[in-house]
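Beneath this line is the structure, given in structure tokens, with notes to follow.
Values below: all heavy atoms of this structure, side chains included; hydrogens, waters and symmetry mates excluded.
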Amino acid sequence: MTLQHRPHGVEHPYAASADQRTPVLPVAGERVRLGVVVDGPAGAPRCEWQDASGAVQVLDLAPAGPSADAAALAGGEGHLAEAQAAQLADEGGWAVTTGPLAAGRHRYRFVAGDEATAWFDVNVATWAPHGGRLLVGGREDHPRLAPGSVRWLRDDDGVHRVRFALRLEPSEHVVGFGERFDALDQRGRTPDAVVFEQYKAQGEHRRTYLPMPFAHVVGGDGWGFHVRTTRRTWYDVGATEPDLLVVEATLGGAEREQLDVAVYEGDPATVLTAFGDEVGRAEELPDWVLRLWASGNEWHTQEIVTQRMDTHRDLDIPVGVVVVEAWSDELGITEFGGARWAVHADGSPRRAEDFTFPADGPWPDPAGWVADMHERGIKVVLWQIPLLKTDETIARDDTPWRPDQTGQVLADGAALERDGHVVREADGTAYRNRGWWFPRALMPDLSTPEGRAVWTEYRRYLVEDLDVDGFKTDGGEHAWGHDLRYADGRRGDEANNLNPVHFARAFGDLLRSCGKPPVTFSRAGFTGSQAHGIVWAGDEDSTWAAFEHSITAGLSASACGIVYWGWDLAGFSGPVPEPELYLRATAAATFMPVMQYHSEFHHHRPPLRDRTPWNVARTHDDPEVVDVFRRYAHLRERLVPYLAEQARVAIAASRPLMRAMFVDHPRDERYWAFPHQFQLGDDLLVHPVTRPGVERWGTALPEGAWVDVWSGETVTGGGVVEREVPRDVVPVWCRAEAWPRWRAVFRP
């Protein structure tokens, strides 16, 4: 029998594991829930509690009930839904809740039969008016700081958090905090900033892969702020007190702490310029990233991917980029499936000449295939994840063409550990992923240039020898643990949010070193991600609600300086979307920075769930889908020069390429009632139709003359203009003075 209790548990940021103390850092007057997992027969465990006075009492535990968070996730569809829910399972869990605790140091342990855990200390903290130094805009008395609002959470060990409030005027709206799915205006909401992999339903759960402690405050004088920290922060944006934006930030735990908050005054472009000057801004990428991207998670052989590209050609649907996720195993993700080579027992990188590819394997000729794609004008992007499946319980694979991968990945992992290029636990052992995707996999330490170079050296031959054009830098959310150790000297609470930034940077640097533009395609990030490639919105269902949430995500990410952004049009998970949703999403995606379709892994079970236009048409017996998609794909080709031009403007002037209306019209209240319409560059205004069965759709047009790009009709702005919207039409309006250059684009 064993008793397991970890005060911090698995460190899931939004849910407690069965063996956890909650809250980990209690405040005087709070009750604490203590959880323990019992493995083996021992009867009911008990807790021996010693309070700050030294008195000891025995607390009886009860079996823990089902995790509400796990129950909510268990019903989701998708090949990862069960894994996400299972991570919070509480089999063998017992728990008890204390009474209100007094400040000071307490101790407790668990006992069952003849066994007992070690004693655990819990230091109950208090909120105090002193404990450190808070600088807002470089001052301790900034006029936007609410007087008397600063409080420090401290105990005998040091200062752990700071809380303060910034003033909000009644007319002000708050936009930002990274990529947000739930709402453009976060006023009245309580976001936080911690990198997290929420598998689907990000809008409903109000969680994000790409948070930032930065926001615009628009509608009044115009300003913005950036909490200069990489640790977790929380915000109450007028939800409790309507005129206050309350900020709470994790600190390092020293006796005296300091937190700096930048305040930028001015309109949204001015604020974004100042923020970009501080944290970095996008690098211009080649025009080909603005063409159509095609992907499917079950495209796992050279034959299948080639067939998909053949069909694009045969149906006259231009495609610029193919993303191949299933090109390799899911162990090390360094070799094409079916490759044969002599295992490098020392864990050294491989080169192209090391491999042979059986003619009957899944990838008989990777180099020839990449060359074929290039001859067709199609760029190749390969999938990556910053983990290595070296845990012996999951590294074994009896698939006939994978024996080399299993031995090689274990050798590579051993080399990374030996040479100090893995993230470590506080006790010095290698960290094993605590998340639900790729559980217990080894995580490389990418916090230093040396660590990044070692990790990407295993992939260098893909670029240098095979001529691959970019990498889908998926994942990046797997660092869980406040006390993890990184090679740059940081601990987990300070470094975990930066892991996806380092990940994208690593592959961008690899591509640059091979003379290629740094095209990375990431779903996770943090402050600093602005400077590293492309972002897409991550995993989502094929639903109308997810459609709206994805647009919101794009607009909020853009407002934080992400220039190249896209999403899986019409969603990637679940049954093939209905034609109306698919075509509405296609039309909208045509006018976003990155246009891509993608589909989730479905265990190769019929019916096929590809999001190719022909599969949608076949599934729903609606051949018009192909015709409409073809029309928009050709339009996208004609839009590329404009998108490239406006991307350059966005980078230089900090006016987002895909920008919400508040950027150019911060004082116009009308636009908050139309949160999903946006400007695409300087000339076009787009208003996606995001609800089913709609026949007419209204758009709030700015002052001036505007041209309906589909009819050529000119209207006067300043109000709401409606037009008919059959399922193949997205309302797009062009500034009248720019229409002469656009007429040929929309009416070739």
Side-chain angles (χ1 to χ4, degrees), residues 295-310 322-376 378-385 387-390 392 394-416 441-442 444 453-472 474 507 510-511 513-516 601 604:
S295 181
N297 213 339
E298 299 203 322
W299 299 2
H300 66 301
T301 69
Q302 180 174 325
E303 179 182 16
I304 290 175
V305 182
T306 302
Q307 286 176 349
R308 299 298 185 270
M309 297 303 100
D310 286 347
V322 61
V323 182
V324 189
E325 293 210 359
W327 66 279
S328 185
D329 59 81
E330 287 199 351
L331 301 179
I333 319 168
T334 52
E335 290 83 27
F336 273 86
R340 291 280 192 264
W341 73 98
V343 171
H344 290 206
D346 61 352
S348 59
R350 277 69 68 193
R351 293 292 180 256
E353 58 267 22
D354 294 330
F355 301 108
T356 59
F357 298 94
D360 60 349
W363 293 90
D365 183 12
W369 174 77
V370 174
D372 177 42
M373 293 298 103
H374 287 169
E375 288 177 9
R376 301 174 187 225
I378 300 171
K379 300 295 185 177
V380 175
V381 171
L382 299 183
W383 182 77
Q384 288 290 305
I385 190 169
L387 293 170
L388 195 65
K389 271 191 180 179
T390 59
E392 292 195 4
I394 56 177
R396 304 303 176 187
D397 195 321
D398 58 4
T399 304
W401 43 267
R402 287 187 178 176
D404 293 329
Q405 278 89 334
T406 299
Q408 189 64 71
V409 76
L410 294 173
D412 293 351
L416 290 170
L442 194 70
V454 167
W455 183 251
T456 56
E457 193 63 24
Y458 288 104
R459 288 94 179 154
R460 177 172 294 278
Y461 83 95
L462 296 169
V463 186
E464 283 191 345
D465 300 333
L466 303 189
D467 205 20
V468 164
D469 302 289
F471 293 95
K472 184 171 184 176
D474 199 355
F507 280 87
L510 168 64
L511 289 158
S513 72
C514 298
K516 296 249 186 181
F601 182 68
H604 304 290

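- Taking both residues in full, the closest heavy atoms of Leu466 and Leu462 are given as CB-O, 3.3 Å, listed atom of the first, atom of the second, then distance.
- More than 12 heavy atoms of other residues, nucleotides or ligands lie within 6.0 Å of CD in Gln307, so this atom counts as buried by the packing criterion.
- Counting only distance, with no hydrogens or angles, the side chain of Asp469 and the backbone of Val380 share a donor-acceptor pair below 3.5 Å.
- To the nearest 0.5 Å, atoms CD1 (Ile304) and CD (Glu298) are separated by 8.5 Å.
- Relative ring orientation between Phe357 and Phe336 is described as perpendicular, the plane-to-plane angle rising above 60° on a 0-90° scale split at 30° and 60°.
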Stepwise, does the side chain to side chain contact (heavy atoms under 4.5 Å, CB included) test hold for Arg376 with Thr306? CA-CA 11 Å; Arg376 301 174 187 225; Thr306 302; 3.7 Å; yes
I'd like to know whether Trp327 forms a side chain to side chain contact (heavy atoms under 4.5 Å, CB included) with Val305, so could you lay out the CA-CA distance, the side-chain angles of the two residues, the decisive distance to 0.1 Å, and finally the verdict. CA-CA 10 Å; Trp327 66 279; Val305 182; over 6 Å; no
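- Between the CZ atom of Arg308 and the OG atom of Ser295 there is a distance of 11.5 Å, given to the nearest 0.5 Å.
- In this structure, the separation between CH2 on Trp455 and CG on Leu388 is 5.0 Å, given to the nearest 0.5 Å.
- With ring centers used as reference points, Tyr461 lies under 6.0 Å from Phe355.
- Heavy atoms only, all atoms of each residue included: Leu511 and Val468 are closest at CD2-O, 4.4 Å.
- Defined by atom type and a distance below 3.5 Å, a donor-acceptor pair is missing between the side-chain atoms of Asp354 and Trp341.
- Going from atom CG of Leu387 over to atom CD1 of Ile333 covers 7.5 Å, rounded to the nearest 0.5 Å.
- Residues Gly413 and Thr390 approach most closely at CA-CG2, 3.9 Å, considering heavy atoms.
- Applying the salt bridge (charged side-chain N to carboxylate O under 4.0 Å, His left out) test to pairs two or more places apart or on separate chains, those with a residue in residues 459-468 are Glu457-Arg460, Arg460-Glu464, Asp467-Lys516.
- Note: Glu325 CD to Lys472 NZ = 3.5 Å, rounded to the nearest 0.5 Å.
- Lys379 NZ to Met373 CE: the interatomic distance, rounded to the nearest 0.5 Å, is 13.0 Å.
- Smallest separation of non-hydrogen atoms from Tyr458 and Pro349: CD2-CA, 3.7 Å.
- When side chains are defined from C-beta on, Leu331 does not count as touching Gln408, because their heavy atoms never get closer than 4.5 Å.
- Taking the ring centroids of Trp363 and Trp369, they lie under the 6.0 Å cut-off.
- Two residues are said to be in side-chain contact when any heavy atoms from C-beta on lie closer than 4.5 Å; Asn297 and Trp383 fail this criterion.
- What you find for Gln302 and Asp365 is that their closest heavy atoms are OE1-N, 3.0 Å.
- Between Ala415 and Gly347, the shortest heavy-atom contact is CB-CA, 4.0 Å.
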